Amino acid sequence: MPDTLFTNASLVLDGFTELQRSYNVLIKNNRIDSLSTEPIDPAGAAIIELGGRTLMPGLIDAHAHITGLSLSPKNIAYSASEIAIASANYLRNSLMDGYTTIREAGGADYSIAHLVATGAITGPRVFYSGKALTQTGGGADFRKVSELIDPCGHIGPFSVMSVIADGVDEVRKAAREELRKGATQIKLFVSGGVVFPSESHATLYEFSEEELSAIVEEARARGVYVMAHVYTDEGVRRCLKAGVRSIEHANFVNEETVAMIAQSGAFLDLTFISLVQRIESAHETHLSDKIVENVRQTVERGKQVYRWAKQYNVPIAFGTDLWGPEAQKAQLREFEMRIDLDTPANVIRSATAINAELLMQKGQLGTISPGAYADILVVEGDPLKDLRVMLQPERNLKLVMKDGAIFKNELG
């Protein structure tokens, strides 16, 4: 691919709360080669004059679900081709919104990641979990009480996103199987959910301490880590004890547990827009008033947890947890959810540098610095002053580059 030289750019640089102006940035192959306020010899590179526009790292969504065709993860009734089409649409739209990387949190596998990597379909880099692990009756066991086996005659969760495993030997095998298939992290369900509660008693925590430790051990043996869907205080504490690196949601923890997250070095991925989107679409999706009220309370508790996380300097990730192509349209609204909770610079850092570190890609993704992958956005306006700039990609997102290749260019 041709080299590219961006001139007269205002940079979003990690560690700065204001744009750094009048920079030139040279891209060689798929990497950022150099950046300077002094002229850079283009040496045959294509020159793109930015006229002072913002140049920033591509966004990272740390919690995406691309294989859903509706708000419900129980989509086993859909054909593989329908799921593939939905995934491709989700990925393309996500990239056009400025997400150059996503961490898929259960449902996507090596085949989708391979199609993106080879250019067969257009989308962000995909860090995939494969099937999430859940226990019998756990947060991702979507069977009704009358459903004992799946359509193929196996004991399954009636979902493309998860696999049921019980006992240390079973969870080891399940984790090893996802790792064998190239999972970049293992996803667990360690408590019940708030939108699709079980018809039985909701769980405060799931998997035994021995099971959790075994799964973490298997992940570490492959140089990767565990991310855990967990809402409850009890569940989060058990995850931290076992060595889980990425705590997803955690809306109902107390302040002491947030301090424990900070001490452990784990990351906290609070996801807001998925909950708000469920409330907004409750009439169309026929969510009961009881569940809607539960979700409202979950959002408010999450805001308090966010404030505690800031207080204790917990690394706060940026994830959306949206299901299905229609829900994906709200992906950028996660910025909107955080406007009143944090500074623009901190929110953007969550969606770039912090998420990159969470994905074990520090210095490679989420940064404008020499040696990093050339995942770059050019934006009209200053997102470090007003996050709302990010909410209108059709108007403000002028260029999207992923891995050194330009996928959108409206600079004229």
Side-chain angles (χ1 to χ4, degrees), residues 1-62 94-103 116-117 119 122-127 184 318 345 348-384 389-390 393 396-411:
M1 64 184 70
D3 297 340
T4 304
L5 176 63
F6 293 101
T7 60
N8 193 16
S10 298
L11 301 187
V12 173
L13 294 181
D14 193 27
F16 292 87
T17 59
E18 296 181 349
L19 292 176
Q20 303 302 294
R21 301 189 183 276
S22 302
Y23 268 83
N24 303 306
V25 180
L26 179 62
I27 310 302
K28 283 186 173 291
N29 297 315
N30 65 337
R31 299 273 184 167
I32 297 172
D33 179 78
S34 57
L35 53 145
S36 175
T37 55
E38 299 298 322
I40 295 176
D41 181 2
I47 299 175
I48 299 179
E49 163 63 36
L50 296 187
R53 293 182 179 88
T54 297
L55 186 150
M56 63 182 290
L59 305 175
I60 302 171
D61 187 342
S94 186
L95 181 62
M96 292 302 102
D97 282 345
Y99 289 94
T100 53
T101 299
I102 64 165
R103 182 178 65 163
V116 173
T122 298
R125 301 170 185 275
V126 179
F127 289 74
T184 49
F318 186 101
I348 290 174
R349 188 165 192 270
S350 288
T352 54
I354 289 178
N355 274 357
E357 186 174 357
L358 170 57
L359 271 56
M360 306 179 87
Q361 296 291 313
K362 184 177 180 179
Q364 301 295 306
L365 300 175
T367 181
I368 304 298
S369 57
Y373 286 108
D375 291 4
I376 287 170
L377 308 181
V378 174
V379 176
E380 195 78 66
D382 184 352
L384 293 179
V389 167
M390 305 302 298
N396 296 325
L397 184 55
K398 298 301 182 182
L399 182 141
V400 176
M401 171 181 280
K402 189 199 78 172
D403 207 32
I406 295 174
F407 289 86
K408 175 182 180 179
N409 186 355
E410 296 182 352
L411 291 171

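All of these numbers come straight from a predicted model, not from anything done at the bench. Atom set for the values below is all heavy atoms of this structure, side chains included, hydrogens, waters and symmetry mates excluded.
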Inset, instruction - Answer yes or no: is there a donor N or O on one side and an acceptor on the other, between the side chain of Arg53 and the main chain of Glu380, under 3.5 Å? - result: no
Inset, instruction - Measure the shortest side-chain to side-chain distance between Pro383 and Met56 over non-hydrogen atoms and say whether it is less than 4.5 angstrom. - result: yes
Inset, instruction - Taking the side chain as every heavy atom from C-beta outward, state whether Leu19 and Leu11 have any atom pair closer than 4.5 Å. - result: no
Legend entry - Side chain proximity check, Ile40 to Ser34, heavy atoms < 4.5 angstrom: yes
Inset, instruction - First locate atom OG1 of Thr367, then atom CD of Gln361, and finally report the distance between them rounded to the nearest 0.5 Å. - result: 12.5 Å
Inset, instruction - With the side chain counted from C-beta on, respond yes when Pro57 and Asp375 share a heavy-atom pair under 4.5 Å apart, and no when they do not. - result: no
Inset, instruction - Could I get the full list of salt bridge (Lys or Arg N to Asp or Glu O under 4.0 Å) partners for Asp3, not counting sequence neighbours? - result: Lys28
Legend entry - Minimal non-hydrogen separation, Arg21 against Gly52, with atom names: NH1-O, 4.3 Å
Legend entry - Side chains of Phe127 and Ile102 in contact at under 4.5 Å (non-hydrogen atoms): no
Legend entry - Donor-acceptor pair, side chain of Asn24 and main chain of Glu38, under 3.5 angstrom: yes
Legend entry - Evaluation steps, side chain to side chain contact (heavy atoms under 4.5 Å, CB included), between Leu35 and Leu26: CA-CA 6 Å; Leu35 53 145; Leu26 179 62; over 6 Å; no
Legend entry - Candidate list Thr4, Thr100, Ile368, Val400, test side-chain contact (heavy atoms from CB on, under 4.5 Å), partner Ile376, passing option: Ile368
Legend entry - Donor-acceptor contact present, side-chain Lys408 to main-chain Asp97, <3.5 Å: no
Inset, instruction - Check whether any side-chain heavy atom of Leu377 sits under 4.5 Å from a side-chain heavy atom of Leu59, and report yes or no. - result: yes
Legend entry - Ile348 backbone acceptor or donor facing Thr352 side chain under 3.5 Å: yes
Legend entry - Main-chain N/O of Asn8 paired to Ser22 side chain as donor or acceptor, under 3.5 Å: no
Inset, instruction - Hey, could you give me the CD1/CE distance between Ile406 and Met401, rounded to the nearest 0.5 Å? - result: 4.0 Å
Inset, instruction - Mind checking the CD-CD1 spacing from Gln364 to Ile32? Nearest 0.5 Å is all I need. - result: 10.5 Å
Inset, instruction - Report the distance from atom CG of Leu358 to atom CZ of Arg103, rounding to the nearest 0.5 Å. - result: 4.5 Å
Inset, instruction - Give a yes or no answer on whether the side chain of Asp382 reaches the backbone of Leu384 with a donor-acceptor pair at less than 3.5 Å. - result: yes
Inset, instruction - Using the test ring pair (Phe, Tyr, Trp, His ring centres under 6.0 Å), find all partners of Phe318 that sit at least two apart in sequence or belong to another chain. - result: Phe335
Inset, instruction - Report the residues that fulfil salt bridge (Lys or Arg N to Asp or Glu O under 4.0 Å) with Asp403, sequence neighbours left out, ordered by chain and then residue number. - result: Arg125
Inset, instruction - Look only at the side chain of Lys402 and the backbone of Gly123, and say whether a donor-acceptor pair between them is shorter than 3.5 Å. - result: yes
Legend entry - Leu5 side, atom CG; Glu49 side, atom CD - distance, nearest 0.5 Å: 9.5 Å
Legend entry - Leu365 and Ile60, any side-chain heavy atoms less than 4.5 Å apart: yes
Legend entry - Interatomic spacing from OG1 in Thr54 to CG in Leu399 - rounded to 0.5 Å: 13.0 Å
Legend entry - Over 12 non-hydrogen atoms of neighbours within 6.0 angstrom of CD in Glu410: yes
Inset, instruction - Taking Asn30 for its side chain and Gly404 for its backbone only, find out whether a donor-acceptor pair lies under 3.5 Å. - result: no
Legend entry - Minimum side-chain heavy-atom gap Leu397-Val379 below 4.5 Å: yes
Legend entry - CA sep, side-chain torsions, deciding dist, call: Asp33, Ile27, side chain to side chain contact (heavy atoms under 4.5 Å, CB included): CA-CA 5 Å; Asp33 179 78; Ile27 310 302; over 6 Å; no
